[in-house]
Amino acid sequence: MSARARRFVSRLLMGFRRCGCESCPFAPATRTRKLMLFGSPNVGKSAIFNQLTGSYVAVSNYPGTTVEVARGQARVGDTLLEVVDCPGAYSLTPFSEDERVARDMLLDDPPGLLLHVVDAKNLSRALPLTFQLIEAGAPLALDLNIIDEAARAGLSFDPERLSTDLGIPVVATAAANGVGIERLRALVGGDAPAASSFVVEYPEPIESAIARVEELLGAGYGLRPRAVALLLLQRDEGMWERVRQADAQALTDIERIVAETEARYHHPLSYPLAVARQQAADAIAKRAMRSTGRQVRASFAETLGRLAMHPIAGLLILAAVLYFGLYLFVGRLGAGVLVDFLERQVFDRYVTPVATNLVESVLPWPTWSLLFVGEYGLITLGLRYAIAIVLPLVGAFFLMFAVMEDSGYLPRLALLVDRVFKRLGLSGRAVIPIVLGLGCDTMATLVTRVLDTRRQRVIATFLLALAVPCSAQLGVIIGLLSRHPLGMAIWGGVVLGVFLMSGFLAARLLPGEEARFYLEIPPMRWPSLRNVVLKTFARVRWYAAEVIPLFLLASVVIWIGELTHLFRLAVAALRPAVNLIGLPDQAAEAFLFGFFRRDYGAARIFDQVQSSEAVSGVPLVVAMVTITLFVPCIAQFMVMLKERGWRTAVAVAAIILPFAFGVGFLLNLTLTSLGVRI
Amino acid sequence: MPEVELSEAAEELLANLWVMREEGNAACLPLSELETEDRDAAVPELLTAGLAQQESDMLSLTSTGEREASVVVRRERLAERLLVDVLDLRESVATEAACKFEHLLRTGIDDEICTLLGHPKVCPHGSPIPPGECCHAGAREAGKAVSALSDLVPGQGGVIAYLHSGRRQMMQRMLAMGAIPGARIVLVQKFPSYVFRMGERQIAVDRETAQDIYVRLTGGQPVRPPSWFPRPFRGWGRRFRRGRRGQ
Ligand SMILES: Nc1nc2c(ncn2[C@@H]2O[C@H](COP(=O)(O)OP(=O)(O)O)[C@@H](O)[C@H]2O)c(=O)[nH]1
Ligand SMILES: [Zn+2]
Ligand SMILES: [Zn+2]
């Protein structure tokens, strides 16, 4: 087929799509280009990524959640774009894990085109990063995003003017509504822009230092020498390391020049550099931006956003979120209605009988059929727990979490709890992993990366492992205790008490600097349905990929254990400990299950209670408290090993195991000797 | 309070001895290192005032001298701050001007200047300013020209004058987030965390960080603080308090 014929066919095939032949699979891609999205958090990078590639990425409102780098492909005309969404970065000098990742990506794998995405209404604060990217030398374009909010705030822009001033292409978009995306596509698919000749002039001593350092530098940094020199002057660790390797012979000279320049100032050099950049940015923004002076009345979302930061109203809103989101939505709807339906209707009625018949006819040997459909079978236990009990719960939680994230509520919660969290050795920023831990502690342990000191990461890891129940546990607990308000209150009180106490102690015992708190508070926005759904879907997918194999593995291990009688031995070994805290023998099984995944153990108790009412009253509350505090499951332990190192991971597990039983023992003793009836 | 009026040279010598100690050098100075005029005039002046003592060839501060010296240094560094933050002089010029200026600031006035400047912790060069009584007494009076962000009332704002941070990381972090000298800033709330607004952006920080951001106040009156409550509820708090006070 000729190219024309291909395009014709493609137009026929894709005629119903807005984008026409552009993304058609028939047109040959004559060139590929890497497009990198760069910018500070919450400017809509992920939204742009979605618009360009039409595929999923974690769209998030919380600085730091896009830790994983999203990659996707887009087709514009005959250009195939490999789109990369960098983690949010405020400057080229990294301070956080995210910024380090973003900077390294830029250095190690220079893109064909770099798109700096900014929130248009904050143009003058974003331009300093544009300058740094221009200094870096990659082909660059600027995207004034969220132009709709800027317009509502009475701001109008002159992209042409901005483009001439900066020497790079500029486009205005509102990614959430698809405005300007066609223009953006044309821009990123067209010819790469020429390098800009714009320069920020720094004060004299710095300019001459730059010139002298530039002369000493070799090539091969992925950045222009001017940018390398500037990073060295700002004492950027990563860049010094690179120079130590590439230009070792020049190191002492460079060191001398930098030290001399530093001696001319009374602050770190990043201070005068930042001031110079900001002055240039203000001048440019002033020419390109006009305020029509039209002030719009505060929207409901804004008012809500402000109330969420108020000490009293904020707590009321938090209580409402917990009640409606966690208790009603996750607990009653997820754990009650959904689980009930999937268990009773889907599994008990159809899946289990059908699978049992099928397996037993195909595998007439009981030993083997037990592996699939026995009491601990792959289908009857592993899949059932995963799909009917755990996934609906976790899915409901992730949906709620996505709404909290996308609306901008989480950062407000962070500033609300900062003072309390400081007592625990954490900063308010730690709400993100802690709240996420209410969904899945394993995922949350990964996300502790957003915390900026090792001490905070260790404390958060510890608290997640000890005293943050995951949503499967929460759902089961709400399901079992909702008829016993007193039991629920005792459970909640003890777990919260342990959380605060152990955090307080950990902060006392662990050496290190006090945490500091700073966080950009994005405007409160109505969450976009699309983002919420996409994000929930991606998290559930991650979660399913994580738990289903483990649940299945557990079934196999238990099956082998049954065959070799090891399982019964292990249960017997746990039995004294379980009896000690006042629980009947069967509970030992649930604790053993808990080793595989916390939710697995909780699901087991749920199952037992539903089927036989074996545990109830005080023992039920004690079991729930103990299993909440009980060991981090295997999955979480593996993540702890990987992220914190084996010493921390083993120490955490070694503290928790006796501690959980100790608390259970004391609680049982107290409740029974007080004669509490639940 | 100085019982005797010291000459300019004597004060200078007093401050020098103090700064030497602060910089971690020996607490005493060999007389031979002094200039002749100093040795002839300033040294005897300090000795008779009981501010310094001489052992063989070495000059050192007495405990009274110690106290008096810290007051002199305080005045000097406050003067620097005043010139840089309020009069916006360049730092290099400010040092020299401050030297002259310092002698004009007499005790009593220096506390007023300190208050005016929001009780700064360091001079523009980063050397600590010895705290005076005003700094301890929780004196956070009105009429300041420069103030730590943490001392503003919600709704009050100005232009960032300077950042102070013992922690270089934190300062760089704030710079990267756009809290740069010259930026317009408005405090939105103080509790449970400090929230300030720069343009359309809102940033939350803890108390420690808010204490490190110094703001040159513009305009006398604080802007009306943004109201928390939707229109129908506004003013209830005030009405409620007035009602209670009336009882
Ligand atoms: N009104 C409006 N909201 C947007 C626009 N682009 C993104 N958003 C919202 O801004 C928030 C942050 O966007 P996100 O893509 O996660 O930013 P990222 O952190 O830079 O990836 C989300 O709630 C988006 O729905 C836009 O053009 N207009
Ligand atoms: Zn000084
Ligand atoms: Zn003071």
Side-chain angles (χ1 to χ4, degrees), chain A residues 40 89-91 93 95 99 119 121-126 128-129 149-150 153 155 234-235 265-268 270-271 273-275 277-279 282 298 300 303 305-307 309-311 313-314 411-412 414-420 422 427-428 452 513-523, chain B residues 80 84 90-92 94-95 122-127 160 162-184 188-210 212-213 226-231 233 237:
Chain A
S40 49
Y90 288 99
S91 78
T93 327
F95 295 98
E99 291 186 331
D119 181 346
K121 59 186 176 303
N122 296 323
L123 180 62
S124 69
R125 299 280 138 201
L129 179 56
E149 276 185 11
L155 298 172
Q234 292 174 80
R235 292 276 173 206
Y265 287 86
H266 306 291
H267 303 293
S270 37
Y271 200 108
L273 288 176
V275 173
R277 284 187 187 125
Q278 194 59 55
Q279 278 167 356
D282 289 342
F300 176 67
T303 310
R306 202 173 278 161
L307 285 174
M309 304 194 299
H310 187 268
R412 289 174 169 77
L415 77 85
L416 213 56
V417 301
D418 179 58
R419 279 175 196 247
V420 178
K422 284 275 167 59
S427 78
D452 43 24
E513 263 183 302
E514 275 280 301
R516 279 284 194 106
F517 176 63
Y518 58 88
L519 191 62
E520 179 155 4
I521 309 292
Chain B
E80 283 173 10
V84 172
R90 294 193 64 89
E91 284 170 23
S92 47
T95 321
V122 290
C123 79
H125 310 98
S127 311
I160 297 181
Y162 59 99
L163 304 180
H164 156 61
S165 184
R167 279 171 69 175
R168 185 193 169 101
Q169 271 263 346
M170 199 60 206
M171 177 198 267
Q172 292 188 325
R173 179 78 275 184
M174 294 320 291
L175 288 173
M177 289 183 83
I180 291 168
R184 297 204 57 84
V188 176
Q189 71 173 58
K190 302 175 82 147
F191 188 85
S193 294
Y194 288 79
V195 177
F196 58 87
R197 186 179 264 283
M198 291 189 303
E200 290 291 323
R201 291 171 63 193
Q202 289 191 109
I203 293 172
V205 294
D206 51 19
R207 183 174 176 78
E208 292 74 31
T209 308
D212 286 348
I213 300 176
S227 169
W228 295 111
F229 296 101
R231 217 164 282 277
F233 302 114

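The chains referred to below are lettered A, B, ... by the order of the sequence lines, with proteins before strands, and numbering in each begins at 1.
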Next on the checklist: Between Tyr162(B) and chain A, with a heavy-atom cut-off of 4.5 Å, which part of the residue counts as in contact: side chain, backbone, both or neither?
Outcome noted: both
Which atoms of [X] approach chain B - backbone, side chain, both or neither, heavy atom under 4.5 Å:
X: Ala126(A); result: neither
X: Arg277(A); result: neither
X: Glu149(A); result: neither

Please round to the nearest 0.5 Å and tell me the distance separating atom [atom1] of [X] and atom [atom2] of [Y].
X: Leu123(A); Y: Glu200(B); atom1: CG; atom2: CD; value: 12.0 Å
X: Met170(B); Y: Phe517(A); atom1: CE; atom2: CZ; value: 9.5 Å
X: Gln189(B); Y: Met309(A); atom1: CD; atom2: CE; value: 4.5 Å
X: Phe191(B); Y: Leu415(A); atom1: CZ; atom2: CG; value: 11.0 Å

Next on the checklist: Regarding Arg201(B) and Glu520(A), does a basic nitrogen lie under 4.0 Å from an acidic carboxylate oxygen?
Outcome noted: yes
Test item: [X] and [Y] side chains (from C-beta on) under 4.5 Å apart, heavy atoms:
X: Arg306(A); Y: Gln202(B); value: no
X: Tyr90(A); Y: Arg173(B); value: yes
X: Arg516(A); Y: Asp212(B); value: yes

Item to check | Chi angles and distances behind the side chain to side chain contact (heavy atoms under 4.5 Å, CB included) call for Gln172(B), Thr93(A) | outcome: CA-CA 9 Å; Gln172(B) 292 188 325; Thr93(A) 327; 5.5 Å; no
Next on the checklist: For chain B, which candidate among Asn122(A), Asp418(A), Asp119(A), Asp452(A) shows the most heavy-atom pairs at distances under 4.5 Å?
Outcome noted: Asn122(A)
Checklist outcome for this item: Residue set satisfying side chain to side chain contact (heavy atoms under 4.5 Å, CB included) with Ser124(A), at least two apart, ordered chain then number -> Gln278(A), Asp282(A), Ala285(A)
Next on the checklist: Going by the rule side chain to side chain contact (heavy atoms under 4.5 Å, CB included), which residues pair with Val275(A) if we only count those two or more places apart in sequence or in a different chain?
Outcome noted: Tyr271(A), Gln279(A), Ile180(B), Pro181(B)
